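Following: one structure in structure tokens, then a few remarks.
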Amino acid sequence: METIKNYFFRDMGVMLGRSMRHILRSMDTIITVTITPIAMMLLFVYVFGGAIQTDMDNYVNYLLPGILLIAIATGISYTAYRLFIDMQQGILERFHSMPIARSTVLWGHVLTSLVSNAISVVVIILVALIMGFRSSADILSWVAVAGILALFTLALTWIAVIAGLSAKSVDGASAFSYPIIFLPFISSAFVPTESMPAPVRAFAENQPVTSIVETIRALLSNQPVGNEIWVALAWCIGIMLVAYIFAMRAYKKRG
Amino acid sequence: MLQNEIAISVQGLKKSYKNIPVLTGVDFQVKAGSIFALLGSNGAGKTTIVKILTTLLKQDEGSAFVNNFDIASNPGNVRQSISLTGQFAAVDEVLTGRENLVMIAKLRHLSNPHQVADDLLKRLGLTDAADRRASTYSGGMRRRLDIAMSLVGKPQLIFLDEPTTGLDPEARIEVWKIVKELAGNGTTVFLTTQYLEEAEQLADRIAIVHKGRIIVSGTLAELKKLFPPAKVEYIEKQPTLEEIFLAIIGKKEEN
């Protein structure tokens with residue numbers, strides 16, 4: 001189908017416009033994905049922050065990468081939710097019986113996830129700036145940060161797609177994200193891992209979030225990233241590929 | 001379009017879900033420009049037939065041609081020439097009526113999506129509600145919007161899977177009016193229903209599906225002839241289609 005291929009990106013644009021409207025019309029989504037991480041940032045900086053010892057004098061600088069990951073982990077649960085609702089309402093069947101590439105529907109949701117998470121990340125960084133976040137990073141480092149966050153978003157989004165496609169209820173569709181939202185707490189996102197008991201520390205230092213947080217923190221403070229960036233990239237790309245394969249399989253099974 | 005042209009031709013269609021046979025050999029033909037009703041109780045296999053003909057499901061055995069395209073080898077062309085109004089109103093509840101129609105018009109790559117939306121809103125009496133979210137619509141309005149979305153791009157053949165299930169009598173009569181208008185304009189309508197009166201009111205030809213098989217098909221007049229001879233009673237009355245239906249199924253059951 002030559003014509004269908006020619007329209008692929010245009011159709012995906014229509015799908016993107018559709019789900020962006022869903023986001024903008026849902027106060028709940030906006031509050032959960034931006035206001036909650038911002039509240040958490042306020043809480044950690046102005047309440048707990050005084051008691052936390054890090055190797056940085058500016059705790060906002062230390063905290064920001066972890067907050068961004070939490071915001072993204074919250075954001076992708078809505079991708080699963082929206083996909084699940086599409087199936088429930090039968091609109092997915094309508095799209096599938098139309099002369100458009102079936103994968104546009106899925107890619108539309110994935111693209112929406114990227115765009116909406118990018119928006120909430122920017123909003124949170126702006127608030128962090130007001131709270132005293134400062135960065136000496138150059139443009140290239142910022143591009144690298146954006147790239148890693150985008151990869152992290154994609155990896156989690158494909159997990160969300162699996163959850164959305166295979167869930168039996170609305171609650172089930174978004175429940176998978178809770179452990180992911182929790183991961184940054186058991187990492188170096190809020191406190192240095194040195195302060196944790198040995199088994200917890202071992203887990204914290206070897207789970208994906210720590211390497212991602214450390215990499216972003218190093219990039220933003222203009223420090224050498226060392227090996228962490230490769231570990232972070234390997235985690236993101238690895239999770240993304242595996243999740244993508246399973247998501248596509250679940251999608252084909254759905255018809 | 002030629003009156004004698006065949007819009008749908010189905011031979012020996014079989015489908016099982018996990019070894020449970022749903023369709024056990026379905027054959028029928030639908031003339032272009034006619035209203036064809038598939039009548040049967042819940043679980044008879046009506047929706048499965050619709051899903052196969054609209055390329056949402058693949059048959060296990062048998063063949064089917066829709067608008068002269070083989071559904072197995074040419075699903076893209078099939079989708080180009082049909083539209084589906086599924087069992088559950090497949091509208092996007094977050095979008096307004098107008099936005100729903102514009103979205104479908106864009107996905108069908110029409111050159112003037114807004115004009116198309118305006119025309120259909122007017123035609124189905126939704127102009128006043130055009131800019132309200134579909135979630136605020138009544139069941140009847142939602143169904144009308146659903147049908148309007150199926151009319152975008154003027155497909156030659158429209159599938160309506162239980163279009164009046166769950167509607168109040170008034171909304172039901174409205175849908176009937178729309179279906180009659182469609183057929184009057186030369187569109188082929190393939191309708192499934194569990195309401196005998198609906199088939200009686202609308203259909204040029206009726207096929208009764210029971211336990212995965214078409215047990216009888218013909219015009220209403222032909223079906224009436226199949227009715228067992230009238231018993232001698234004090235009051236002789238014409239059999240209703242309901243009686244025909246139950247009698248035929250009862251007879252099959254005994255065999």
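Residue numbers begin at 1 in each chain, while the letters A, B, ... track the order of the sequences. Bear in mind that the values here come from a model prediction, so they are computed numbers and not experimental data.
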Can you tell whether the side chains of [X] and [Y] come within less than 4.0 Å, N to carboxylate O?
X         : Y         : value
Arg108(B) : Asp11(A)  : no
Lys46(B)  : Asp161(B) : no
Asp118(B) : Arg98(B)  : yes
Lys122(B) : Asp119(B) : no
Arg82(A)  : Glu93(B)  : no

If I measure from the heavy atoms of chain A, does [X] come under 4.5 Å with its side chain, its backbone, both, or neither?
X        : result
Lys51(B) : side chain
Ser81(B) : neither
Gln87(B) : neither

Name the member of [options] that forms the most heavy-atom pairs with chain A at distances under 4.5 Å.
options                                   : value
Val102(B), Ile104(B), Ile82(B), Leu57(B)  : Ile104(B)
Ala89(B), Gly153(B), Pro155(B), Ser150(B) : Ser150(B)
Thr54(B), Val78(B), Leu95(B)              : Leu95(B)
Lys58(B), Lys106(B), Glu99(B), Met103(B)  : Glu99(B)
Asp92(B), Leu84(B), Val91(B)              : Asp92(B)

Sub-6.0 Å ring centroid separation between Phe84(A) and Tyr81(A): no
Highest number of heavy-atom pairs under 4.5 Å with chain B: which of Gln89(A), Arg25(A), Glu93(A)?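 Most heavy-atom pairs under 4.5 Å with chain B: Arg25(A).
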Residue among Asp86(A), Thr104(A), Val14(A), Leu92(A) with most heavy-atom pairs under 4.5 Å to chain B: Val14(A)
cation_pi(Lys253(A), Tyr251(A)) dist<6.0 Å, angle<=45: no
